[in-house]
Amino acid sequence: MRVLFASSEVFPLVKTGGLADVSGALPGALREAGVDARILLPGYPAAMEKARKAKRVASLGDPLGIGAEAHLVAAELPGSRVPVWLIDCAPLYDRAGGPYQDAAGRDYEDNARRFGLLSWAAARLCTRDGPLKWRPDILHGNDWQAGLAPAYLRAWGEKATATVFTIHNMAYQGLFPKEILPELKLPWNLYRIDGLEYYDSVSFLKAGLVYSDRITTVSRRYAKEIQTAAFGCGMEGVLAHRAADLVGIVNGADYGVWNPGEDPHLSHRYAPGAYAEGKAANKAALQAELGLAPSPDAPLMVVVSRLNEQKGMDLILSDLPILLRGGAQLAVLGAGDHMLEDGFRTAAAKSPRQVAASIGYSEPLAHKLMAAGDMLLMPSRFEPCGLTQFYAYRYATVPVVHATGGLADTVVDATYDSLMTQTATGFVFEHANPGAFQWCVERALALFRNKEEWRTIQDTCVAQDFSWRRSAERYANLYNALVSEGAGENG
Ligand code: ADP
């Protein structure tokens with residue numbers, strides 16, 4: 001079983017969020033399950049630098065007429081043997097900013113072409129006259145950036161490869177003016193209501209949803225939620241129509257990267273099962289590093305997140321004065337909306353011994369916060385899966401989450417019953433408003449004072465197994481089912 005995994009970010013080559021973590025871990029887990037999974041991603045400069053054993057292997061020509069030849073560079077994913085192809089096309093990818101936006105946070109104007117080429121190349125590798133000998137049985141595209149790939153296959157009448165499309169976040173849709181269609185070398189006959197047209201624009205996401213053989217998303221709950229108007233971001237109708245082909249497969253955690261016993265970023269490493277001393281040492285180190293009061297008993301709440309409305313960061317700011325009354329501390333690491341960044345900066349300036357705001361992106365600090373924290377706050381308004389709750393579990397940090405998407409599926413609220421049966425793994429609130437969130441955090445803070453019950457929750461957290469193995473098996477089953485149905489000609 002050969003699978004081409006097309007993604008716009010892959011850890012550790014390039015990362016802005018959870019998609020990179022998934023793309024960096026799932027292909028490796030699939031390979032362990034016997035699937036020949038290989039990755040395709042754009043050749044951003046940072047990714048080209050980090051890729052191991054990189055060498056140019058084929059030309060893609062200039063399919064979208066940008067005036068420069070694109071090449072495929074073959075390499076290995078650092079830290080694993082997973083084969084990677086990077087699309088080397090300097091005019092599109094050699095930029096100073098991030099993968100999607102410039103340094104000032106503005107989307108690149110030519111994102112349609114940048115990710116049109118990713119989609120085109122993914123599709124091209126599936127064709128008989130493609131540039132490589134290796135041809136996939138399954139093309140597995142991720143998020144809108146890879147959404148056009150099955151549309152190209154449809155346009156070219158190519159049926160040899162079956163297609164799977166995974167939604168990691170419905171809110172990002174890749175919408176562009178319809179005039180780009182000829183530039184992307186797609187025929188107008190796909191521009192229709194049951195095609196890639198979306199309210200007079202082209203939607204890369206909708207192309208993925210309409211033209212793929214199967215659709216997956218990253219938790220069971222989110223798979224249901226996105227079929228409703230509240231979470232479907234306008235695509236609920238399309239998804240309801242494809243409900244029979246839509247499944248939720250929960251993400252996993254890469255315990256090779258997130259393991260307090262071998263974490264290179266920690267000053268004090270600790271085995272998950274022997275967390276008490278290790279967490280205390282990391283907490284003291286972090287308090288010193290961030291200038292927080294050096295109190296071992298102050299509950300330390302941590303946040304590692306994009307700072308935006310989706311993540312419910314405004315709820316934290318609204319409740320902060322109340323939550324800090326009893327001496328709790330908050331350490332935030334994140335970047336995003338300037339209003340929220342400023343809000344956390346201001347809170348930290350006002351109470352520097354209780355609040356620390358690290359605005360920006362830092363892999364080492366993310367690990368330190370996970371190890372030092374007592375609670376991880378995730379009040380997301382919606383959350384397709386969420387990964388940081390899994391990392392928190394491994395580090396014996398207790399998540400406080402809104403009951404949505406993957407958070408609802410993977411966190412068990414601490415109630416009288418769940419504490420008695422030792423199944424509680426965190427604190428869950430039903431409604432994303434400041435009152436409900438405050439009450440939930442206060443429940444957590446109250447239980448934190450009861451050392452014995454808190455340890456019971458921590459013990460349950462570290463015993464959770466969200467390794468990729470099980471999820472990779474579910475993907476492998478899905479691929480097998482598709483191929484044996486004959487969705488691809490190779491089946
Ligand atoms: P999303 O993909 O919606 O951002 P996830 O919870 O699925 O949310 O994944 C977020 C990933 O990004 C996690 O690995 C988290 O540690 C990481 N992350 C988010 N913000 C930062 C930051 N400012 N610095 C370092 N890592 C971050």
Side-chain angles (χ1 to χ4, degrees), residues 7-26 98-101 105 142-145 166-172 217-219 221-222 226 231 233 248-260 263 265 290 302-313 316 331-338 340-341 344-345 356-373 376-395 397 399-402 404-411 426 466 468 471:
S7 176
S8 58
E9 49 181 284
V10 181
F11 182 83
L13 299 176
V14 53
K15 168 168 168 177
T16 72
L19 173 60
D21 289 1
V22 174
S23 307
L26 175 57
Y100 317 116
Q101 298 178 329
N142 293 275
D143 273 353
W144 73 262
Q145 293 88 350
T166 298
I167 305 160
H168 298 263
N169 194 331
M170 211 54 209
Y172 301 97
T217 188
V218 289
S219 68
R221 170 93 165 227
Y222 195 60
I226 53 180
F231 295 93
C233 303
I249 301 180
V250 72
N251 283 334
D254 187 341
Y255 293 131
V257 176
W258 296 94
N259 171 8
D263 191 326
H265 303 300
L290 299 179
V302 298
V303 171
V304 180
S305 179
R306 292 185 288 123
L307 302 181
N308 63 17
E309 206 199 333
Q310 177 202 332
K311 300 292 182 178
M313 291 293 125
I316 300 180
V332 176
L333 167 63
D337 293 356
H338 296 314
L340 291 165
E341 291 182 350
F344 284 111
R345 274 198 202 99
S358 308
I359 304 303
Y361 187 91
S362 164
E363 204 64 41
L365 188 55
H367 286 248
K368 289 183 201 175
L369 289 181
M370 224 42 102
L376 174 77
L377 306 184
M378 298 184 79
S380 306
R381 289 198 166 74
F382 68 94
E383 193 60 79
C385 178
L387 290 168
T388 44
Q389 76 274 26
F390 301 153
Y391 307 153
Y393 285 157
R394 208 19 69 122
Y395 289 68
T397 302
V400 178
V401 308
H402 176 220
T404 185
L407 298 176
D409 284 352
T410 62
V411 182
F466 283 96
W468 268 107
S471 305

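All residue numbers refer to positions in the sequence shown, counting from 1. Order of appearance sets the numbers: ligands from 1, and atoms from 1 within every ligand.
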Quiz item: Distance only, no hydrogens: is a donor on one side chain within 3.5 Å (strictly under) of an acceptor on the other, for D254 and Y391?
Solution: no
Quiz item: Pick from H402, Q389, K311: which one makes a side chain to side chain donor-acceptor pair (under 3.5 Å) with E383?
Solution: K311
Exercise. Output yes when a side-chain donor or acceptor of S362 lies under 3.5 Å from a complementary backbone atom of L365, and no otherwise.
Key: yes
Exercise. Would you kindly say whether Y100 and E9 are connected by a side-chain donor-acceptor distance under 3.5 Å?
Key: yes
Pairs under 3.5 Å, N/O atoms on ligand 1 and on the protein: can you put them in a table with the distances?
from: ligand 1; atom 1: 2 (O); to: G18; atom 2: N; distance (Å): 2.6
from: ligand 1; atom 1: 3 (O); to: R306; atom 2: NH2; distance (Å): 2.8
from: ligand 1; atom 1: 3 (O); to: K311; atom 2: NZ; distance (Å): 2.8
from: ligand 1; atom 1: 4 (O); to: R306; atom 2: NE; distance (Å): 2.8
from: ligand 1; atom 1: 6 (O); to: L387; atom 2: N; distance (Å): 3.1
from: ligand 1; atom 1: 8 (O); to: K311; atom 2: NZ; distance (Å): 3.0
from: ligand 1; atom 1: 9 (O); to: G18; atom 2: N; distance (Å): 3.2
from: ligand 1; atom 1: 14 (O); to: K15; atom 2: NZ; distance (Å): 2.8
from: ligand 1; atom 1: 14 (O); to: D21; atom 2: OD2; distance (Å): 2.6
from: ligand 1; atom 1: 23 (N); to: G360; atom 2: O; distance (Å): 2.8
from: ligand 1; atom 1: 24 (N); to: S362; atom 2: N; distance (Å): 3.1

Practice problem: Output all residues satisfying side-chain contact (heavy atoms from CB on, under 4.5 Å) with D263, sequence neighbours left out; order by chain, then residue number. | Solution: H265, L266, H367, Y395
Quiz item: Is a side-chain N or O of T217 found less than 3.5 angstrom from the main chain of I167, in a donor-acceptor match?
Solution: yes
